[in-house]
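First comes the structure, then the notes that go with it.
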Amino acid sequence: MVERRPQGTEQTEAVVAAPVGLPRQTGSSPDSPGGRAAVPAGRPPGATRPPAAPQSNGAAARPRPVAPPVGTDLGTHEVTNQVPSLAGFDPTACDPALVDAVRREGAGDALAYLRELGRIVGSAAAREDARLANENSPVLRTHDRYGHRIDEVEFHPSWHRLMEISVGWGLHAAPWQAEPGSGAHVARAAGFYLMGQLEQGHCCPISMTYASVPALRHDPDLAARFEPGLMSRRYQPGLARPDTKAGLLAGMSMTEKQGGSDVRSGTTVATPIGSSSDGTYQLIGHKWFTSAPMNDLFLTLAQAPAGLTCFVLPRVLPDGTRNPIRLQRLKDKLGNRSNASAEIEYDGATGWRLGEEGRGVATIIEMVSMTRLDCVLGSASTIRAALTEAAHHVAHRSAFGTRLADAPLMQAVVADLALESEAATSLALRLAGAADRGERDLLRLALPASKYLVCKRAPAVVAEALECLGGNGYVEESGLPRLYREAPLNSIWEGSGNVTALDVLRAVTREPDSVEAVLAEIDAAAGSDTWFDRAVRELRTELRAREERRARRLAEMLALCLQGSLLLRHAPVEVSSAFVSSRFLPDGPWRTAGTLPAEAHSRALLERISPAS
């Protein structure tokens with residue numbers, strides 16, 4: 001794979017740390033893009049424009065002044081009341097909800113590693129990589145200079161450095177090596193949440209690789225072939241035979257033009273090759289949305305003789321030739337610009353059957369469940385990233401003679417965003433704990449309900465956080481526009497709002513054990529608050545109704561009651577009381593941010609989540 005380096009950039013040292021809870025990984029793979037290579041810094045520090053040319057009338061040109069440091073006199077005005085850079089902050093130090101949830105869900109031993117990762121996430125070098133990876137979108141190369149079909153995507157070097165960090169920390173698949181209940185999935189979830197605050201696009205291949213392992217285990221032979229590479233903490237980009245690479249990444253490819261989320265309507269055809277017991281098929285067809293197309297192998301769905309079936313397709317075949325998976329074009333997406341999402345065609349591609357013929361959805365559903373967990377984590381991290389930017393800004397900016405963080409109305413706004421973040425983070429880590437301990441009944445219902453609500457709330461929270469910066473928040477340099485474009489994504493991927501809400505209704509109707517498991521979790525806070533108890537009674541009524549037209553209401557109520565139960569049991573009283581009084585009143589859970597009741601401890605809520613100055 002070719003690295004693209006913008007002209008006029010220089011390289012500085014980047015930081016890659018040890019994986020969460022695992023020994024430090026030293027060195028990089030032979031094909032790693034620059035190893036521990038550096039961050040393109042753009043214009044060298046202190047660079048200025050060339051001096052103005054002499055005027056044609058012979059008068060001496062007015063010398064162009066060198067840009068002075070911030071806070072000094074520019075000649076025309078003095079620069080004051082500007083917010084200092086957030087670079088260098090520690091995202092774990094201002095996120096007690098994360099730290100408490102990691103301990104509570106059984107991964108307290110990983111906190112030291114998470115703090116180390118947090119320092120990388122907050123570093124100037126990593127933040128610059130996040131910016132550059134999104135400002136330099138991937139480029140599709142269908143052919144080489146000689147006209148040979150290559151179907152490759154070029155990524156900016158900053159993308160590779162972000163990938164190297166996440167893979168090096170084991171956020172892609174390392175937890176599957178640990179014993180169930182060890183807390184490994186919780187530690188991984190916390191690390192994924194931290195890296196998501198830094199940059200969301202690269203988290204897509206990390207998430208798909210994580211989710212591929214339980215699906216691959218439907219076939220012990222395929223799992224034995226690919227799991228060692230998938231669990232490796234070495235990042236090696238580029239196309240090569242999987243058995244020759246130091247590390248592998250996986251993806252999935254399900255939707256087609258005519259069907260979208262209705263994957264059963266797929267028209268891609270899989271025909272057995274050789275003996276029926278061999279498990280090798282030839283695939284002809286297309287997929288409409290395949291993200292991270294440079295990953296090494298993909299789980300896909302196709303119509304086999306016995307019906308819709310799951311297959312594993314490598315980009316490079318065992319003989320070293322490239323599997324005819326044709327990249328037609330890359331999507332021009334609203335956000336997630338660092339990550340490539342392709343339209344592809346299978347032109348007689350070779351795939352291996354995973355699971356039984358006709359059981360494709362049942363086989364791949366475990367992968368979908370794990371990526372849905374990461375959708376919740378990703379939206380929680382987006383909410384937290386926006387909150388951090390807003391809290392940092394109001395702590396250092398003044399208006400009308402008052403520091404914004406001391407203005408009662410601004411306190412109420414940011415405090416409301418802090419409640420949303422704390423509830424999202426607590427719920428996401430609770431789901432990770434359930435995955436770690438194998439609480440399948442709870443996850444069956446709680447996971448789609450949580451995805452529905454947390455992912456729906458992200459755009460509204462980011463919009464309010466952006467507004468806390470005023471016009472500055474609407475400018476690309478602030479970083480908030482990138483978060484705003486990213487915010488709707490997780491609500492769409494792995495089932496948009498209606499699809500997810502209908503899955504909630506399906507679980508309620510068909511799987512009563514999942515309802516009992518969720519209600520037991522909610523009822524653990526019974527009697528703690530009268531408004532909460534009233535909401536739970538309304539939820540039980542809604543659970544009995546089971547009407548399709550009310551599926552969104554049901555999903556929202558389930559997730560909101562789960563959040564309320566967690567905060568009532570585990571959060572400080574200023575958090576739980578403000579959350580309950582603002583989310584469980586009879587006239588509805590939300591208005592706009594900053595409409596907290598008068599008794600809410602807004603200042604305490606703001607101080608709890610603000611980055612250190």
Side-chain angles (χ1 to χ4, degrees), residues 20-21 91-115 117-118 121 169-171 174-175 178 180-197 203 206-207 210 369-385 387-388 418-439 442-443 445-451 453-455 457-458 490 517-518 521-522 524-525 558-572 575-576 579 608-609:
V20 176
T92 63
C94 57
D95 198 345
L98 172 66
V99 174
D100 292 347
V102 168
R103 288 197 182 103
R104 186 167 63 245
E105 298 299 334
D109 291 344
L111 283 171
Y113 293 101
L114 291 170
R115 291 189 179 100
L117 177 59
V121 167
W169 280 80
L171 305 183
S182 64
H185 289 274
V186 177
R188 179 263 171 194
F192 186 85
Y193 166 90
L194 289 171
M195 284 300 292
Q197 293 178 50
C203 290
I206 296 298
S207 176
Y210 170 68
S369 295
M370 290 294 97
T371 50
R372 279 185 172 181
L373 171 60
D374 282 353
C375 285
V376 180
L377 288 162
S379 288
S381 68
T382 298
I383 288 170
R384 178 62 235 202
L387 172 64
T388 297
L419 291 175
E420 199 68 48
S421 176
E422 187 134 356
T425 301
S426 298
L427 180 54
L429 269 293
R430 175 65 183 93
L431 296 174
D436 194 80
R437 294 183 290 273
E439 299 175 48
L442 178 72
L443 287 171
L445 179 56
L447 186 51
S450 301
K451 180 189 182 297
L453 181 63
V454 174
C455 297
R457 293 298 296 154
N490 287 313
V518 170
E521 180 74 18
I522 291 170
L558 277 164
L560 197 60
C561 286
L562 282 166
Q563 290 179 329
S565 176
L566 286 166
L567 295 184
L568 283 167
R569 286 180 283 149
H570 304 300
V575 174
S576 59
F579 185 85
R608 175 176 166 84
I609 53 81

Item to complete: Find out whether Pro448 and Arg372 are in side-chain contact, i.e. whether some heavy atom of one side chain is under 4.5 Å from a heavy atom of the other.
Response: yes
Worksheet item: Can you name the residues that form a ring-ring contact (aromatic ring centres under 6.0 Å, His included) with Tyr210, not counting sequence neighbours?
Response: Trp176, His185
Anything under 3.5 Å between a donor and an acceptor, one on a side chain of residues 96-105, the other on a protein residue two or more places apart or in another chain? List them.
unit_1: Glu105; atom_1: OE1; unit_2: Arg437; atom_2: NH1; d: 3.3
unit_1: Glu105; atom_1: OE1; unit_2: Arg437; atom_2: NH2; d: 2.7

Worksheet, complete the sentence: dist Leu427:CG -> Ser450:OG (nearest 0.5 Å) comes out at 3.5 Å
Practice prompt. Mind running side-chain contact (heavy atoms from CB on, under 4.5 Å) on Arg384 and Cys94 for me, showing each step along the way?
Written response: CA-CA 10 Å; Arg384 178 62 235 202; Cys94 57; 3.7 Å; yes
Worksheet item: Given side chains that start at C-beta, do those of Met195 and Leu117 come closer than 4.5 Å, heavy atoms only?
Response: yes
Discussion item. I want to check something: taking the side chain as every heavy atom from C-beta on, are Leu171 and Tyr193 in contact at a cut-off of under 4.5 Å?
Written reply: no
Worksheet entry | Validation row: Leu567, Ser426 side chains within 4.5 angstrom (heavy atoms) | yes
Response to the item:
Rounded to the nearest 0.5 Å, the CG atom of Leu558 sits from the CD1 atom of Ile522 at a distance of 6.0 Å
Worksheet, complete the sentence: Heavy-atom nearest pair, Ala449 first then Ala559, reads O-CB, 3.5 Å
Worksheet item: Among all residues two or more places apart in sequence or in another chain, which pass the salt bridge (Lys or Arg N to Asp or Glu O under 4.0 Å) test with Arg115?
Response: none
Worksheet entry | Shortest non-hydrogen contact from Val376 toward Val454 | O-CG1, 3.9 Å
Discussion item. Checking side-chain contact (heavy atoms from CB on, under 4.5 Å) between Glu422 and each of Asp95, Val575, Ile383, which is the one that passes?
Written reply: Val575
Practice prompt. Please answer whether the main-chain N or O of Ala184 pairs with a side-chain N or O of Asp436 as donor and acceptor at a distance below 3.5 Å.
Written response: yes
Worksheet entry | Interatomic distance, Leu568 atom CG to Cys561 atom SG [nearest 0.5 angstrom] | 10.5 Å
Discussion item. I'd like to know if the side chain of Ser381 and the backbone of Gly378 have a donor-acceptor N/O pair within less than 3.5 Å.
Written reply: yes
Discussion item. Holding to salt bridge (Lys or Arg N to Asp or Glu O under 4.0 Å), I want the full list of residues that pass it with Arg430, two or more places apart in sequence or in another chain.
Written reply: Glu439, Glu521
Worksheet item: Can you name the side-chain contact (heavy atoms from CB on, under 4.5 Å) partners of Ala418, sequence neighbours left out?
Response: Leu387, Ile609
Fill in: Minimum-distance pair of heavy atoms, taken over all atoms of Leu114 and Ala190
CD1-CB, 3.7 Å
Worksheet entry | Residue pair Leu453 / Gln563, side-chain heavy-atom distance below 4.5 Å | yes
Item to complete: Of all the heavy-atom pairs spanning Gly118 and Pro91, show the shortest one and how long it is.
Response: O-CD, 3.0 Å
Fill in: Non-neighbouring partners of Ser207 that pass side-chain contact (heavy atoms from CB on, under 4.5 Å), sequence neighbours left out
Phe192, Thr371, Asp374
